[in-house]
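Worksheet for the structure shown next.
Just so it is clear, the structure is predicted and the values come from calculations on it, not from any experiment.
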Amino acid sequence: MEPLRLADLHGSLADPVLAAMEFLNEVANRYPEAVSFAPGRPYEEFFDVDDLHHHLRTFHRYLVEDRGMDAAGARRTLFQYGRTKGVIHELVARNLAEDEGVRVDPEAVVVTVGAQEAMLLTLRALRADHRDVLLAVSPVYVGITGAARLVEMPVLPVRDGGAGLDLDDLVAVARRARREGLRPRGLYVVPDFANPSGASLDLTARRELIRVAEQEDLLVLEDNPYRLFGATEQRPPTLRALGGNRVITLGSYAKTGFPGARIGYAVADQPVDVGGGRTVPLADQLSRLKSMVTVNTPPVAQAVIGGLLLDHGLSLVKANAREIEVYRRNRDAVFDGLAARLPGAAELGVSWNRPSGGFFIVVTVPFPVDDALLERSAREHRVLWTPMHHFYGDGRPLPHLRLSVSLLTPERIEGGLDRLAAFLTEHAEAARAGGGR
């Protein structure tokens, strides 16, 4: 047959947002010897295959002893097609109560194939017609932008501001959209150590955000995968804790469990009027969509995450005690290492932010950063990072790059910073001399 034409397929396939991760993975594969500060992956040194078997047995014991299932029922739960909303929904709800003091009805929880599916289902449900738009703090995680492209829902950027979110701009964007005949359906925000900026909202900003969301009748889509990985044990309340069902929670166990399980969830207890004087939680509608997308989330993968929760008293804080310390150590190593290797950073026009948690640090440089420069960095200096333009969606080079501190060991960080400092110095000096790149 004749080749299919890309122009005849869905427009999102030609969108640079969807190509971003593919390109970054391709560069990493072509330069395997490079030290990579690019991927926002969790630390791997604690992975142990025996843990998978242990967590699975723990969950099986829970089914029999706590849920009262007989042997056939427990076996069926693990091996068969499962409940569309998930089989660990009660444990998810108990985990939120244990770690965050947030109480939700387990029936408002939909267990998904990663947080990415939770995003896709939520946007698919909210997008009724061409008037519907999503607001998102910019720069923004490419996963939400990509999900919005797939459901043909435009994303309107809101400035991040000094406090992590410019509330005046949020109001202005929402009202301008309505004047243009559009319907802002929600605001996507990562309140703690956002990807890619590392920014966090303080308590005042969180309360103001909920107030503005109520004033402008916006749902808040709260995505918070890095929340536990702060510099201290003190954490401000989640947006869900402050805003109740004004907030849809998009959750993930990729960073706090392990990404290979591909387990996420949505907490969506917003009432939906289905007619006849009857309301149901939005979670029921997300479940209907899910039944036609992934049918159900693999019960075996859910069981391993459920067992991990049970093995740590339903607390991800306890489950991640070692990882929390590793990420603190790695952030400090990168901060200290950059300062030691670039004592004249200010004169070079190089600077970096200092997030108090999470995986990411943004470096500002006096030259434009694009994908071609990333490849040159990989080839000539054997170090990888992420161009920040990928998180704005327009493809224009920006003078910023993102470093991820989560995956590397101390030895790899030290070697990688040597290479990164050489790269930054070379190009900053060229820019200062007027020679460009």
Quick check: are there more than 12 heavy atoms from other residues, nucleotides or ligands sitting under 6.0 Å from [atom1] of [X]?
{"X": "Arg124", "atom1": "CZ", "answer": "yes"}
{"X": "Glu33", "atom1": "CD", "answer": "yes"}
{"X": "Arg341", "atom1": "CZ", "answer": "yes"}
{"X": "Arg178", "atom1": "CZ", "answer": "yes"}

Which atom names give the shortest non-hydrogen contact between [X] and [Y], and what distance separates them?
{"X": "Pro368", "Y": "Leu373", "value": "O-CD2, 3.6 Å"}
{"X": "Gly198", "Y": "Pro355", "value": "O-CB, 3.5 Å"}
{"X": "Leu56", "Y": "Ala303", "value": "CD1-CB, 3.6 Å"}
{"X": "Ile248", "Y": "Ala268", "value": "CG2-CB, 4.5 Å"}
{"X": "Arg412", "Y": "Ala34", "value": "NH2-O, 3.6 Å"}
{"X": "Ala74", "Y": "Val64", "value": "CB-CG2, 3.9 Å"}

Flag side-chain contact, heavy atom, 4.5 Å: [X] against [Y]:
{"X": "Pro184", "Y": "Leu218", "result": "yes"}
{"X": "Lys85", "Y": "Asp284", "result": "yes"}
{"X": "Thr294", "Y": "Leu120", "result": "no"}

With sequence neighbours excluded, what pairs up with [X] under the ring-ring contact (aromatic ring centres under 6.0 Å, His included) test?
{"X": "Phe229", "value": "Tyr327, Phe359"}
{"X": "Phe46", "value": "Tyr43"}
{"X": "His312", "value": "none"}
{"X": "Tyr392", "value": "none"}

Donor-acceptor contact below 3.5 Å, side chain [X] vs main chain [Y]:
{"X": "Ser291", "Y": "Arg288", "value": "yes"}
{"X": "Asp166", "Y": "Arg159", "value": "no"}
{"X": "Glu117", "Y": "Gly264", "value": "no"}
{"X": "Gln270", "Y": "Val247", "value": "yes"}
{"X": "Arg127", "Y": "Asp132", "value": "no"}
{"X": "Arg328", "Y": "Gly230", "value": "yes"}
{"X": "Arg30", "Y": "Ala378", "value": "no"}
{"X": "Asn95", "Y": "Leu91", "value": "no"}
{"X": "Arg419", "Y": "Val383", "value": "no"}
{"X": "Asn330", "Y": "Leu408", "value": "yes"}

Go through the structure and list residues passing side-chain contact (heavy atoms from CB on, under 4.5 Å) with [X], not counting sequence neighbours.
{"X": "Thr238", "answer": "Glu100, Val102, Glu222, Arg227, Arg240, Ala241"}
{"X": "Val171", "answer": "Arg175, Val212, Gln215, Glu216"}
{"X": "Ser197", "answer": "Pro139, Ala194, Ala199"}
{"X": "Asp371", "answer": "Phe23, Pro387, His389, His390"}

Donor + acceptor pair across side chains of Asp192, Asn224 (<3.5 Å): yes
Donor-acceptor pair between Glu45 and Thr409 side chains, under 3.5 angstrom: no
Geometric class of the Tyr226/Phe360 ring pair [parallel <30°, tilted 30-60°, perpendicular >60°]: perpendicular
Residue pairs passing the side-chain hydrogen bond (donor to acceptor under 3.5 Å, both in side chains) test where at least one lies in residues 296-306, sequence neighbours excluded: Lys290-Thr297
Pairs where residues 342-368 contributes a residue and the test side-chain hydrogen bond (donor to acceptor under 3.5 Å, both in side chains) is met, not counting sequence neighbours: Thr364-His400
Reported CD1-to-CG distance for the pair Ile263 and Leu308, which is rounded to 0.5 angstrom: 11.5 Å
Straight-line distance of Leu309 CG to Glu90 CD, nearest 0.5 Å: 13.0 Å
Pairs flagged by salt bridge (Lys or Arg N to Asp or Glu O under 4.0 Å) wherever residues 59-70 is involved - sequence neighbours left out: none
Would you give me the side-chain donor-acceptor pairs under 3.5 Å for residues 313-323, sequence neighbours excluded?
residue: Ser315; atom: OG; partner: Asp99; partner atom: OD1; Å: 2.8
residue: Ser315; atom: OG; partner: Val317; partner atom: N; Å: 3.3
residue: Ser315; atom: OG; partner: Lys318; partner atom: N; Å: 3.2
residue: Asn320; atom: ND2; partner: Thr256; partner atom: O; Å: 2.9
residue: Asn320; atom: ND2; partner: Leu316; partner atom: O; Å: 2.9

Phe258 vs Leu52, side chain to side chain contact (heavy atoms under 4.5 Å, CB included): CA-CA, chis, key distance, verdict: CA-CA 10 Å; Phe258 54 94; Leu52 302 180; 3.4 Å; yes
Ile88/Phe59 under side chain to side chain contact (heavy atoms under 4.5 Å, CB included): CA gap, chis, key distance, verdict: CA-CA 9 Å; Ile88 63 168; Phe59 185 75; 3.6 Å; yes
Stepwise salt bridge (Lys or Arg N to Asp or Glu O under 4.0 Å) check, Arg331 with Asp336: CA-CA 9 Å; Arg331 275 194 308 278; Asp336 295 344; over 6 Å; no
